[in-house]
Amino acid sequence: MTAPVTTGPTTGPPAASASSRGLPPLARYLLRRVALAIGVLWAAFTVSFIVLYLLPGDPVATMAGGGLDGEPLDPAQLDALRARYGLDQPLIVQYGERLWAALHGDFGASIQTGQDVRGAILDALPPTVQISLAGLAFAIVVGGAVALVATYTRAAWLRQVLMALPSLAVSLPVFWVGLMLVQIFSFGLGLLPSVGARGPEALILPAVTLGLPTGALVAQVLAKSLDQTLEEPYVVTARAKGVGRVAIHLRHALRNAALPALTVLGYVVGNLLAGSVVVETVFTRPGLGRLTVSAVGVQDIPVVQGIVVFAAAVFVAVNLLVDLVYPVLDPRIATGGGSR
Amino acid sequence: MTELLLREVTTPEDPGAAVAVPRAATRREKATRALRFAVRRPGLVLASITVILVLIAAFAPSVLASGDPNVGVVADKLRPPGAGHLLGTDYLGRDVYTRVVHGAALSLQATVIAVAVALVVGGVLGLLAGFVRGWVDEALMRVVDVLLAIPAVLLSLALITALGYGTVKVAIAVGIASVANFARVMRSETLRIRTSTYVEAARAVGTRWYVTLWRHVLPNAAGPVLVLAVLEFGLAILAISSLSFLGYGAPPPAPEWGSLIAEGRNYLAGSWWLCAMPGIAIAATVLSVNRISRALDGEWRRAR
């Protein structure tokens, strides 16, 4: 793959340590990470503000047109609506007000329903978390199994076939996979329900659909990491001691190889959130994805912005968590100077 | 050329090599080599054929399917795949094969726009960041970090909220959402080339900065960026078909791949081919493009 090799212009460690002398290294590291995370969130808010408020398109006109079945409002009414949502202010004032409100967790009210945006997102969250977790479990189990068997097997053809699966899986359109699964398992075999969110059976097909691309990623990352780990001196030592292949694979290699796979977790969670847009539509389930689709459909700008910032927050939070947990799980990093 | 010279220098004491080597490849030898290259990579050949077929479908659809994609015989509706209709017919009796072939044009057009937007915007940002350095680099890369923090689908959806519906708008939204990767790769390439001897030499003889950029940096940075563009092509097809499946793409009668699947969804229980066939077209195209991208990536690495 074409891995973008950019480590960013690192501000030199000496300069950083001089400015925050007195703090222990871990606290300094923590502080810098949190500051970076807040910076990204602010920027995500700004980018989404620029995209949604600066680009052409009049949400008030759209809303008025859609809300009253195409009957256009007169200019005075439009102006009144604009004033109500603060859209008549200069952009910089709007930006300042909205940023200040967002800092307090207030993303305004939905234009479509009038509901508080934070409330709408929190209401829609549980079903999405549910399928995301189920999808993640599927991805880890299946992707992990593929990687383990592919790196364990001595049959070259089997390895080749298994390692071709991930690139096949990421080439399939997610919504199409969902529809085909419905066709086969619901309509063809009559085993599982095709739509809805009732009962654990209804969770299986959406979870598989959502987890497939993620599983492909897990398989690729884990297989690469396993291949590298199996060359490590401690594996050679274990082999020389006469430890069995299975034991080496599971007890020595997998435990160490699983760590680098953690670093893609932020990306994975973002993927699952994004995938829920399509999967919830295909399986007509409630959730964040459905909320997104309906908000985009009526140009409900506050809701769309809230979701974008929420997604960025989740991504940033997961990455922060991984960065913090990583040194604990892998002591080699902590002693290595923590330059990342 | 250089290869031959090197070989003579490194093995002067080997008499066999000195006799056998210095001869240019004849045309037949070249053909045999190309053939061997192809036979060893059946997947790549298949991928190339698929892409060529898709290109024909996009630019001259009537060569592959002469019928009108939007006209059907209602009496023939929902026929399964068979002799008369290769891939069956839809709920208005329209031939699915014809619609898939004609749909390639819309889908591909959108994909090309998306990749072009990503390539140009991302390329320029990366070039600027890598060439100017300093605070410009710092600021641009922070923007890129943010774009990477927001899932591409959500970013595209935000752009669609602002821009509105339609194939071109969806394409632009998908393109902007994938600017970040291009900017990063372009920047790292520019940084690499900036420090090379020939750029230093160009500077030393007083070449203007924009000439240096255009003549030296851009051509040498292009390789990995173009490989990424081919890879992005596959991703863009998937993203665009997803968005048109959600209903943000071309309006109904148009046979865009994603919307074909959306149309077929209502008939999923009885007529599986309405959804299956366009999906197979998408999957085959994306797989082929990815295979070609991987081959190009390998070529580039070897050439470097």
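What you see is a predicted model, and the numbers here were worked out from it, not measured in a lab. In what follows, chains carry the letters A, B, and so on, assigned in the order in which the sequence lines appear, proteins first and then strands, with residues in each chain numbered from 1.
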At what distance, to the nearest 0.5 angstrom, does CG of B/Leu154 lie from CD1 of A/Ile307? 7.5 Å
Mark yes when over 12 heavy atoms from residues, nucleotides or ligands other than A/Phe185 sit less than 6.0 Å from its CZ; otherwise mark no. no
Look up atom CH2 in B/Trp273 and atom CD in A/Gln183, then write down how far apart they are to the nearest 0.5 Å. 9.5 Å
Just by modelled atom types, is the B/Pro151 backbone N or O under 3.5 Å from a matching donor or acceptor in the A/Tyr267 side chain? no
With a 4.5 Å cut-off on side-chain heavy atoms, are B/Cys275 and A/Met180 touching? yes
Which atoms of A/Val47 are under 4.5 Å from chain B, going by heavy atoms: the side chain, the backbone, both sets, or neither? side chain
Heavy-atom proximity to chain B below 4.5 Å, by part of A/Ser48: neither
So, taking the atom named CG in B/Leu148 and the one named CZ in A/Phe315, what distance separates them when rounded to the nearest 0.5 Å? 7.0 Å
Kindly indicate, with the supporting measurements, whether the criterion side chain to side chain contact (heavy atoms under 4.5 Å, CB included) is fulfilled by B/Phe245 and A/Val174. CA-CA 11 Å; B/Phe245 170 76; A/Val174 173; over 6 Å; no
Considering only heavy atoms, which portion of A/Leu168 lies under 4.5 Å from any heavy atom of chain B: side chain, backbone, both, or neither? both
Nearest-0.5 Å distance, OG1 of residue A/Thr292 to CG of residue B/Leu246: 10.0 Å
Does B/Arg265 use its side chain to pair, donor to acceptor, with the backbone of A/Val282 at less than 3.5 Å? yes
Is any side-chain heavy atom of B/Val146 closer than 4.5 Å to one of A/Trp42? no
State, to 0.1 Å, how close A/Ser171 and B/Leu287 come at their nearest heavy-atom pair, and which atoms those are. OG-CD2, 3.4 Å
If you tally heavy-atom pairs under 4.5 Å against chain A, which of B/Gly258, B/Gly234, B/Ala276 wins? B/Ala276
Side-chain heavy atoms of B/Arg294 within contact of A/Ser167, under 4.5 Å: yes
Heavy atoms only: give me the nearest A/Leu172-B/Ala283 pair and the separation to one decimal. CD2-CB, 3.6 Å
Answer yes or no: is there a donor N or O on one side and an acceptor on the other, between the side chain of A/Trp176 and the main chain of B/Ile261, under 3.5 Å? no
A/Val304 versus chain B, heavy atoms under 4.5 Å apart: side chain, backbone, both or neither? side chain
Side-chain heavy atoms of A/Val296 within contact of B/Tyr248, under 4.5 Å: yes
